[in-house]
Amino acid sequence: MAQQNHLYLVDGSSYIFRAYHRLPPLTNPEGTPVGAVYGYTTMLWKLADDLHKADGPTHMAVILDKSSQSFRNELYDQYKAHRPEPPEDLRPQFPLIRDATRAFSMPCIEEDNVEADDIIASYAKDALAKGWKVTIVSSDKDLMQLIQPGLDMLDTMKNARLGPEAVMEKFGVTPEQLGDVLALMGDAVDNVPGIRGIGPKTASKLIVEHGDLESVLAAAPSMKPSKMRESLIEQADMARLSKVLVTLKDDCPLPNELDDFLLKDIPPEPLAAFLTKHGFTSLLRKLGASGPADAAPTPSGAANDVPRSDNAIAPQPLSMPTINVDDYVCVQDAETLDAWIAKARAEGMAAVDTETDSLDSMQAALVGVSLAVAPGEACYIPLGHGGTDMFAEKPRQLPFEEAVARLKPLLEDDAVLKIGQNLKYDLNVLARHGIHVSPIDDTMVMSFNLDAGHEFGTGGHGMDALADRHLGHTCISFKSLTGTGKKQIGFNEVPLADATRYAAEDADVTLRLWHVLRPRLPIEGATRIYQNVDRPLIPVVAGMEREGIKVDREQLAALSQDFATRMAALEGEIHELAGQSFSIGSPKQLGEILFDKLGLKGGKKGKTGAYSTDVTVLEKLAGEGSEISRKVLDWRQLSKLKSTYTDALQEQINPNTGRVHTSYSLVGAQTGRLSSTEPNLQNIPIRTEIGRQIRHAFVAEPGNVILAADYSQIELRLAAHMADVETLRDAFAKGEDIHNRTAQELFGEVNRDTRGRAKTINFAILYGISRWGLAGRLEVSADEAQAMIDTYFQRFPGINRYIAETVEKARECGFTETLFGRKTHFPRINSKNQAERQGSERAAINAPIQGTSADIIKRAMVRMGPALEAAGLAHVRMLLQVHDELVFELPESDVEAASAVIRQVMENAAEPAVTLSVPLGVEIGTGPSWGAAH
DNA sequence: GCACTCACG
DNA sequence: GACGTACGTGAGTGCC
């Protein structure tokens, strides 16, 4: 008989205030005050200790107040308006509460625009509906309204369980009536008005007498004349408002499933690290002895035969056996393969990795597949080993088609989770063999969702770096098997024994990483972004990569030819003007010609001592009449376009598909944007007419057209929403030109010049403004730039507050968040180096805006396929994403229907998770080429 | 392998 | 008083 589930919901924020006042002002070894943190830590310890005890918790979550803003502020602007600032030595302890919770490997829930009490009420309701027991760890009187059969409260300071009798004792009413009492008496701290002159005693008496609030108010006129009677009549609406304010909202959208809160045995390492850091030595000793919940080193599902280390801070999760690459199996016959497949089915999951002969997933030949079914249990299935010599004897391996046919049902089985590291690559390789892998998890994407922005030396979220970081393990290097340079061999030529060790290790490591990273998602609030956005995006992006886009080779070749001719002419003229021949492409030589030989004015720059010859410098010189500078600028543009685009793109055409297939990185940009490589199709020219010709070479197949759909000014719209700038919101709502409106507000008139300046300032705001930077861009003095910034803040109130709050949050928490919960970390935000610190501040101001924009278009991409399919538009294919733009190829006859669906999906992509206070505008164009679609 | 330059949002 | 001046990317070239 399974034990009944029992959910503990810990009201973390209220606890820390009480602990602060009750405990002495301790400090940790670094001098940070930690008295309240210590109290909080002992409380969590006590709670965790009750795991496995009768009526103890089976599930636990800590709920924290993230913002003081909620729907209550909209109802009543004075709500919580007069809260005193927390004491100086308490403030630095708030972020440590999160650290403490994490040290216990417990989930920590914080949501924007919702109060902790409401989240607690909502989870409680959810759990009760499922027949669970619920205990709320708090002594907050508002939460006492929730007490009912199956739900009690726990006051850990008094070590008392609070049931209905506690409410009766304190307020003389039942929990259901408590809200009405609270409404009458009001609350000074939260600034709930109640009725003046009525305190707890009178309120209770009235409710007991009349039953509920409305009855009290209805009975007021017939009461005997008194101050109270008048107050009740006059302030009846205040009482009703107060009732709404004190009533808990129990239908909040919840970021986690209840199952995420399952209370497992607590891994001792992170806890020990935390206790050590803050000097909680007595608890540390206790941990060494037994630890909360026995700190048993046995997360579920993992083998465990390793003795506990005496060293509390062990380098590896203790639950997994040591990695031994000689344990791996090379699968060379069908029976063995079937046994591994059966084991994967039994486990319900397997880590999968493919080995190929190329990094290009659209050209790579499949050389082998590895599987891991449990930590330490992995195999390699060679499929294409034996090199390229047709006559040489090949090692024994399963026939390719047979192995693929046997693996396919497993890889497509809905009941078996396939785990990969950068699985997008494997998805593409396998899709080319007719296997559509699902469902999936990706450890690289998990790492990105947890740790974006954290500096981890080299490697970022790559497997070797993750293995080193999380498992303390150094993977066999690819190069040690294949060599490098001229003598490098293909993976298909690597001997089977070596290939097995390498390939199976990759799968084993991936599975182990999953065991480390997967539990962190709910604990660190990354579940939402991972499950709802980035994970479902993986197959979508893989599909776009496989589609590719057609480019007209002849058109590119003609452009290359044209550019070459014009460059040759310019080159002659430049050498003529210089009086000598030199390499124009060398900034060093160019600088010496311009400044030393020709004596133009301009400064040296930076560490290398070389002259700067970038576009701003050359433009300035050209403006002063330097003919050679103008010609160098023209030459540079042509050179860039030719080498980076017209020449390079031709070489990127896939010989099999005749199209260009970029590769998107899902973890490339710290803010959550995608990045595009080999080739980068996110920086195809558009700003100049000459560059724009390159876009015309991106074409549709006969009978089809290219459709480009752009979000219009999405980042400024998001800034208007997030900073709550009424003027900007109003302008967007009315469909005004936002730069014109800004010019009007800042300069009082709209013309070309003021609009241009306004546009520059608008972008400066998004990027984290500095007077110096703006001054440089606008070519005005720093004082004048500062004056414009001041005016901007004054005309657009809210921006200033957004900037201050965002930087403050980054300083305190070390990260910022998007509206959808994506975190970006800023480890240098508190650096003593000013430049470093200020750089992080600017990035932190930008990250929530750029990141939210990335979240929105990603959500649109995830929904696009199903939406088009539902509309019967199966021939519409999504090809490219360029940050705020999606590019499609579709039959000409589908344009009208597809435009409607695409617009609908993109404009509503934030819903229902987030409702924006500005509309999202989408502009759509079509044509025979990408250039023509704009 | 780094610095510089420049293409994009 | 100096610092180093806008956010996020990837690629080609020259040079050590």
Side-chain angles (χ1 to χ4, degrees), chain A residues 452-453 458 582-591 605-619 632-633 635-649 651-652 662-665 667-688 690-692 694-695 710-716 719 760-778 782 785 789 806 816 824 826 833-851 853-854 857 880-885:
Chain A
T458 54
F582 69 102
S583 171
I584 306 171
S586 164
K588 186 164 170 279
Q589 292 183 32
L590 176 65
K605 198 189 171 185
K607 309 149 236 179
T608 55
Y611 291 112
S612 171
T613 65
D614 70 15
V615 68
T616 57
V617 174
L618 295 186
E619 287 284 6
V632 169
L633 280 168
W635 183 91
R636 276 218 182 127
Q637 184 184 18
L638 292 168
S639 164
K640 174 78 174 181
L641 296 178
K642 181 170 186 292
S643 66
T644 310
Y645 300 105
T646 56
D647 287 353
L649 271 174
E651 291 161 26
Q652 296 283 353
T662 185
S663 173
Y664 289 101
S665 171
V667 303
Q670 313 288 18
T671 52
R673 276 189 178 180
L674 302 183
S675 70
S676 158
T677 58
E678 283 181 298
N680 181 354
L681 295 186
Q682 291 181 323
N683 71 347
I684 302 301
I686 192 168
R687 291 175 186 171
T688 64
I690 179 166
R692 200 184 282 241
I694 294 163
R695 282 203 181 210
D710 285 53
Y711 281 111
S712 158
Q713 306 288 5
I714 187 170
E715 292 194 5
L716 273 173
T760 299
I761 297 171
N762 273 331
F763 280 107
I765 294 292
L766 298 182
Y767 298 152
I769 199 162
S770 88
R771 54 199 294 209
W772 312 107
L774 185 62
R777 294 286 164 131
L778 291 179
I789 294 168
T806 306
T816 60
T824 304
F826 296 91
N833 177 326
Q834 183 185 247
E836 215 169 56
R837 188 176 65 247
Q838 290 180 338
S840 293
E841 288 173 2
R842 291 193 297 269
I845 291 165
N846 181 249
I849 298 169
Q850 189 181 117
S853 162
I857 197 166
L880 302 177
Q881 189 252 45
V882 192
H883 310 311
D884 63 358
E885 171 185 9

For [X] and [N], what is the distance between atoms [atom1] and [atom2] respectively, to the nearest whole Å?
| X | N | atom1 | atom2 | value |
| --- | --- | --- | --- | --- |
| A/F582 | C/dC15 | CZ | P | 12 Å |
| A/D614 | B/dA3 | CG | C1' | 13 Å |
| A/K588 | C/dC15 | NZ | P | 7 Å |
| A/I849 | C/dA6 | CD1 | C1' | 13 Å |
| A/Y611 | C/dG14 | OH | C1' | 19 Å |
| A/E678 | C/dG10 | CD | P | 11 Å |
| A/W635 | C/dG12 | CH2 | C1' | 11 Å |
| A/L649 | C/dG10 | CG | P | 17 Å |

If you look at every strand shown and take non-hydrogen atoms under 4.0 Å, does [X] touch a base, only sugar-phosphate, or nothing?
| X | result |
| --- | --- |
| A/S676 | sugar-phosphate |
| A/G585 | sugar-phosphate |
| A/Q589 | sugar-phosphate |
| A/S665 | nothing |
| A/S639 | nothing |
| A/G691 | nothing |

Test side chain to side chain contact (heavy atoms under 4.5 Å, CB included) applied to A/R842 - qualifying residues, sequence neighbours left out: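 Checked A/R842 against side chain to side chain contact (heavy atoms under 4.5 Å, CB included); matches are A/Q838.
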
Choosing from [options], which nucleotide comes nearest the side chain of [X]?
| X | options | answer |
| --- | --- | --- |
| A/S612 | C/dG12, C/dC7, B/dT5 | B/dT5 |
| A/Q834 | C/dG8, C/dA6, C/dC3 | C/dC3 |
| A/S586 | C/dG8, C/dC3, C/dC15 | C/dC15 |
| A/T677 | C/dA11, C/dC7, C/dG12 | C/dA11 |
| A/P587 | C/dG8, B/dT5, C/dG10 | B/dT5 |

If you measure from the Lys or Arg side-chain nitrogens to the Asp or Glu carboxylate oxygens, is any gap between A/R636 and A/E619 under 4.0 Å?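 No.
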
Using the P atom on both, measure B/dC6 against C/dA6 and round to a whole Å.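 Here B/dC6 and C/dA6 have their P atoms 15 Å from each other.
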
When rounded to the nearest Å, what value does the distance between P atoms of C/dT5 and B/dA3 take?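 Those two atoms are separated by 14 Å.
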
Write down the protein N/O and nucleotide N/O pairs, taken from nucleotides 7-9 of chain B, whose separation is under 3.5 Å; answer none if there are no such pairs.
| unit_1 | atom_1 | unit_2 | atom_2 | d |
| --- | --- | --- | --- | --- |
| B/dA7 | N3 | A/N683 | ND2 | 3.0 |
| B/dC8 | OP1 | A/I686 | N | 2.7 |
| B/dC8 | OP1 | A/R687 | N | 2.6 |
| B/dG9 | OP2 | A/R687 | NE | 3.4 |
| B/dG9 | O3' | A/D884 | N | 3.4 |
| B/dG9 | O3' | A/D884 | OD1 | 2.6 |
| B/dG9 | O3' | A/D884 | OD2 | 3.0 |
| B/dG9 | N7 | A/R687 | NH2 | 2.9 |
| B/dG9 | N2 | A/R673 | NH1 | 3.3 |
| B/dG9 | N2 | A/R673 | NH2 | 3.4 |
| B/dG9 | N2 | A/Q850 | NE2 | 3.4 |
| B/dG9 | N3 | A/R673 | NH1 | 3.2 |
| B/dG9 | N3 | A/R673 | NH2 | 3.2 |

Gap separating the CD atom of A/Q713 from the OG atom of A/S853, nearest 0.5 angstrom: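 So the CD of A/Q713 and the OG of A/S853 are separated by 11.5 Å.
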
Determine: side-chain N/O of A/T644 to OP1/OP2 of C/dG12, distance under 4.0 Å, yes or no.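 Answer no for this pair, as no side-chain N or O of A/T644 is under 4.0 Å from OP1 or OP2.
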
Counterpart base for C/dC3, defined by Watson-Crick or G-U wobble contacts under 3.5 Å: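 In the structure as shown, C/dC3 has no Watson-Crick or wobble partner.
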
Apply side-chain contact (heavy atoms from CB on, under 4.5 Å) to A/L778 and A/I761, showing your working. CA-CA 9 Å; A/L778 291 179; A/I761 297 171; 4.2 Å; yes

Are side-chain heavy atoms of A/I769 and A/F763 found at a separation under 4.5 Å?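 A/I769 vs A/F763: side chains apart.
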
4.5 Å side-chain heavy-atom contact, A/T646 and A/L641: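 A side-chain contact is absent here, since even the closest heavy-atom pair is not under 4.5 Å.
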
Expected output: side-chain A/D710 to main-chain A/S712 donor-acceptor under 3.5 Å: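 No: the side chain of A/D710 does not pair with the backbone of A/S712.
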
Relative to the 5' end of DNA chain C, which residue comes earlier, A/S770 or A/F826, by the nucleotide with the nearest heavy atom?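 Residue closer to the 5' terminus by nearest nucleotide: A/S770.
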
Which heavy-atom pair separates A/H883 from A/L674 by the least distance, and what is that distance?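 Closest approach of A/H883 to A/L674, heavy atoms only: CE1-O, 3.5 Å.
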
Which atom pairs, donor and acceptor, lie under 3.5 Å between side-chain atoms of residues 677-685 of chain A and protein residues at least two apart or in another chain?
| unit_1 | atom_1 | unit_2 | atom_2 | d |
| --- | --- | --- | --- | --- |
| A/T677 | OG1 | A/S663 | O | 3.4 |
| A/N680 | OD1 | A/Q682 | N | 2.7 |
| A/Q682 | OE1 | A/S676 | N | 3.3 |
| A/Q682 | NE2 | A/Q881 | O | 2.9 |
| A/Q682 | NE2 | A/Q881 | OE1 | 3.1 |
| A/N683 | OD1 | A/Y645 | OH | 3.4 |
| A/N683 | ND2 | A/Y645 | OH | 3.3 |

